[in-house]
Amino acid sequence: MTYTTPKFIVSQVGEIPQWQAATWEDYVAACEDQSLDAARIFFYEGFLWIDMGNEGPQHARFNDLFTIIFFLWFTTKLGQNFDSLSGCVIEKSQLGSAAPDKVLYIGGDFHKCQKGEPRRINLNQSRVPDLVGEISDTTLTSDLEQKKRLYAALGIPEYWVVDIQGERVLAFRLNENGNYQECEFSGALEGLPIALLSETLKMLTQGNGTAAMWFAQQIGNL
């Protein structure tokens with residue numbers, strides 16, 4: 001069922017979250033509402049999106065696969081330091097805020113919250129992530145529309161949408177005009193064909209461990 005806090009309509013398990021009219025102050029209040037500690041909260045263009053639904057097994061399986069993929073890529077191909085921050089909140093005051101399924105920083109060097117500060121990455125103080133991603137099961141439309149515009153506005157250079165039902169990855173790079181264009185190769189994971197990610201998804205019927213091992217074999221030949 002759906003329940004209402006003093007100001008916000010909050011989706012529950014099995015429901016598709018809806019964007020609702022709100023102010024930045026409403027967003028901050030939602031973030032500070034202890035009853036919403038487990039929620040994913042987004043704000044953009046005067047609208048708020050709150051998801052209290054727990055991850056289903058398919059969503060969790062895909063999400064963990066991409067954490068493993070990051071590890072395999074950077075240890076096998078580059079040996080670079082990286083941070084994968086699943087569900088971490090990123091925001092620019094008054095502009096927008098998001099809690100992407102995947103947040104990737106390459107090389108470290110981002111602002112760590114200090115004691116007493118909000119538990120969110122302030123993109124006015126920290127550099128933007130190199131890549132963010134959404135695992136799309138029931139939220140594909142929003143991930144390709146509102147969230148895509150939001151991440152472009154936040155200046156995220158690369159955005160992945162992992163379409164669970166379609167077994168495909170859609171990747172977008174930010175162009176000089178501040179808009180996303182679909183790309184065939186990753187810029188953050190330099191040289192990685194996006195088609196290889198989609199092929200890896202098709203291996204998930206055998207488990208995400210098997211899919212990850214198959215991916216590791218493929219990138220060894222790149």
Less than 4.5 Å apart, any side-chain heavy atom of [X] and any of [Y]?
X	Y	result
Pro129	Ile121	no
Arg61	Leu204	yes
Phe66	Leu197	yes
Pro157	Leu131	no
Leu104	Val132	no
Lys92	Asn124	yes
Leu189	Trp160	yes
Ser86	Asp101	no

How close do [X] and [Y] get, heavy atom to heavy atom, and via which atoms?
X	Y	value
Ala98	Tyr151	CB-CE2, 3.5 Å
Cys88	Pro100	O-CD, 3.3 Å
Thr139	Ser136	OG1-CA, 4.0 Å
Tyr44	Ala153	OH-CB, 3.5 Å

How would you list, by chain and number, every residue that makes a side-chain contact (heavy atoms from CB on, under 4.5 Å) with [X], sequence neighbours excluded?
X	value
Glu182	Leu170, Phe172
Phe71	Thr75, Phe82
Val89	Tyr27, Ser97, Ala99, Arg120
Glu45	Arg149

Tell me if a side-chain donor or acceptor on [X] pairs with a main-chain N or O of [Y] at a distance below 3.5 Å.
X	Y	answer
Asp33	Ser35	yes
Ser198	Val169	yes
Asp130	Ile106	yes

Nearest 0.5 Å, please: how far is [atom2] in [Y] from [atom1] in [X]?
X	Y	atom1	atom2	value
Ile194	Ser186	CD1	OG	5.0 Å
Ile156	Ile90	CD1	CD1	4.0 Å
Ser84	Ile69	OG	CD1	11.0 Å
Thr205	Leu201	OG1	CG	11.0 Å
Tyr180	Leu144	OH	CG	12.0 Å
Asn175	Cys183	CG	SG	11.5 Å

Checklist entry - So is Lys147 actually on top of Phe42's ring, under 6.0 Å and inside 45° of the axis? => result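 Positive - Lys147 is close enough to the ring of Phe42 and near enough to its axis.
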Item to check | Greater than 12 external heavy atoms within 6.0 Å of Glu25's CD | outcome: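 Yes, CD of Glu25 has more than 12 neighbouring heavy atoms, counting only those of other groups under 6.0 Å.
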Checklist entry - Do any pairs count as a salt bridge (charged side-chain N to carboxylate O under 4.0 Å, His left out) and have a residue in residues 152-165, sequence neighbours left out, and if so which ones? => result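 Salt bridge (charged side-chain N to carboxylate O under 4.0 Å, His left out) check on residues 152-165 returns Glu158-Arg173, Asp163-Arg168.
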Checklist entry - Looking at Trp49, Trp19, Trp24, which one forms a side-chain contact (heavy atoms from CB on, under 4.5 Å) with Phe43? => result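 Looking at Trp49, Trp19, Trp24, the match for Phe43 under the side-chain contact (heavy atoms from CB on, under 4.5 Å) is Trp24.
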Checklist entry - side chain to side chain donor-acceptor pair (under 3.5 Å) between Gln58 and Asp137: does it pass, once the steps are laid out? => result CA-CA 8 Å; Gln58 276 293 83; Asp137 190 357; over 6 Å; no
Distance-only criterion, 3.5 Å: show the donor-acceptor pairs between side-chain atoms of residues 211-220 and protein atoms not counting sequence neighbours.
| residue | atom | partner | partner atom | Å |
| --- | --- | --- | --- | --- |
| Gln218 | NE2 | Trp214 | O | 3.4 |

Item to check | Ionic contact status for Arg40 with Glu134, cut-off 4.0 Å | outcome: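 Looking at Arg40 together with Glu134, the answer is yes, because their closest N to O distance falls below 4.0 Å.
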Item to check | Donor-acceptor pair between Thr67 and Lys102 side chains, under 3.5 angstrom | outcome: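 Yes, side-chain donor-acceptor contact under 3.5 Å.
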Checklist entry - For Asp26 and Thr23, does a side-chain donor sit closer than 3.5 Å to a side-chain acceptor? => result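 The criterion, which ignores hydrogens and geometry beyond distance, is satisfied for Thr23 and Asp26.
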Item to check | Stepwise side chain to side chain contact (heavy atoms under 4.5 Å, CB included) test for Phe185 and Glu190 | outcome: CA-CA 7 Å; Phe185 292 87; Glu190 187 175 358; over 6 Å; no
Next on the checklist: Quick one, Val128 with Leu154, criterion side chain to side chain contact (heavy atoms under 4.5 Å, CB included). Give me CA distance, side-chain angles, the key distance, then yes/no.
Outcome noted: CA-CA 8 Å; Val128 299; Leu154 292 176; 5.8 Å; no
